[in-house]
Amino acid sequence: MSSSSTPVVGVLALQGDVREHLIALAEADAVARPVRRPEELAEIDALVIPGGESTTMSKLALLFGVMEPLRARVAAGMPVYGTCAGMIMLADKILDGRDDQETVGGIDMVVRRNAFGRQNESFEQGVAFKGLEEDGDVHGVFIRAPWVESVGADVEVLASLRADTADEHIVAVRQGNLLATSFHPELTGDHRVHAYFVEMVRAAGSHSK
């Protein structure tokens, strides 16, 4: 475990953009390491759940024995940041998922899988992210991205997006020590969202196992 000034942040390395998240976290002054097993999960201050395919990620988390320990760490207050499929993994309820699909949960939100369309409908768009406005929009990369249909009273909406429809859709949220985005900031050179999360970890002082 770490000192509060340089937290150890794991990246769930079952699927997805693991390397890119490790680089972004290092740029945000965290010690970054991949996590696959319960014993590795026990040695970190916080975790990033990357994009990928949420149903596959859920199955792998169960197979590697990290689902229940991760749920316990989340319940105990460990900061977690989920991107794209990671957002789905942090949702208390999902729409258009498999009937047997499990999530880690923790954020009181309803998330719709693949809401912005299929792989060939991926797009990039600037996102006005609450708390990061001073340096302009965050560059959002949306790949088979979900959106948030609804949130509970304790969830703070950090960003919404008007894409091809007239409706605005929630694409970034925070509840306590949990952060989630529909988009992939790890795929750009802009590491402000990762830095925002690392500051959350420092503020949380999350050192308990």
Lys/Arg N to Asp/Glu carboxylate O, K59 vs E102, below 4.0 Å: no
For the side chain of E199 and the backbone of Y196, is there at least one donor-acceptor N/O pair under 3.5 Å apart? no
Would you find a donor on one side and an acceptor on the other, under 3.5 Å apart, between the side chain of R192 and the backbone of L132? yes
Do R144 and S122 have side-chain atoms, one donor and one acceptor, less than 3.5 Å apart? no
Nearest heavy-atom pair of V74 and G106: which atoms, and what distance? CG1-CA, 4.4 Å
Do the side chains of R112 and E149 get close enough for a salt bridge, i.e. N-O under 4.0 angstrom? yes
With distance as the sole test, does T103 use its side chain to make a donor-acceptor pair with the main-chain N or O of A91 at under 3.5 Å? yes
Scanning both residues in full, the closest heavy-atom pair of F197 with N177 reads CE1-O, 4.5 Å
Side-chain polar contacts of residues 10-20 - donor-acceptor pairs under 3.5 angstrom, sequence neighbours left out - could you list them?
residue: Q15; atom: OE1; partner: E53; partner atom: N; Å: 2.9
residue: D17; atom: OD2; partner: H184; partner atom: ND1; Å: 3.4

For M200 versus L178, what's the shortest heavy-atom pair and its separation? CE-N, 4.1 Å
Show the atom names and distances, to 0.1 Å, of all donor-acceptor pairs under 3.5 Å that link a side chain in residues 75-85 to residues at least two apart or in another chain.
residue: Y81; atom: OH; partner: T181; partner atom: OG1; Å: 2.9
residue: T83; atom: OG1; partner: H21; partner atom: NE2; Å: 3.3
residue: T83; atom: OG1; partner: G51; partner atom: N; Å: 3.3

For G176, does its backbone N or O pair with a side-chain atom of R174 as donor and acceptor, under 3.5 Å? yes
For R113 and S54, work out which heavy atoms get closest and say how close. NE-OG, 3.1 Å
Strictly by side chain to side chain donor-acceptor pair (under 3.5 Å), give each pair with a member in residues 131-141 just once, sequence neighbours left out. E124-H139
Could E68 and R73 be called an ion pair, given the rule that one side-chain N must be under 4.0 Å from one carboxylate O? no
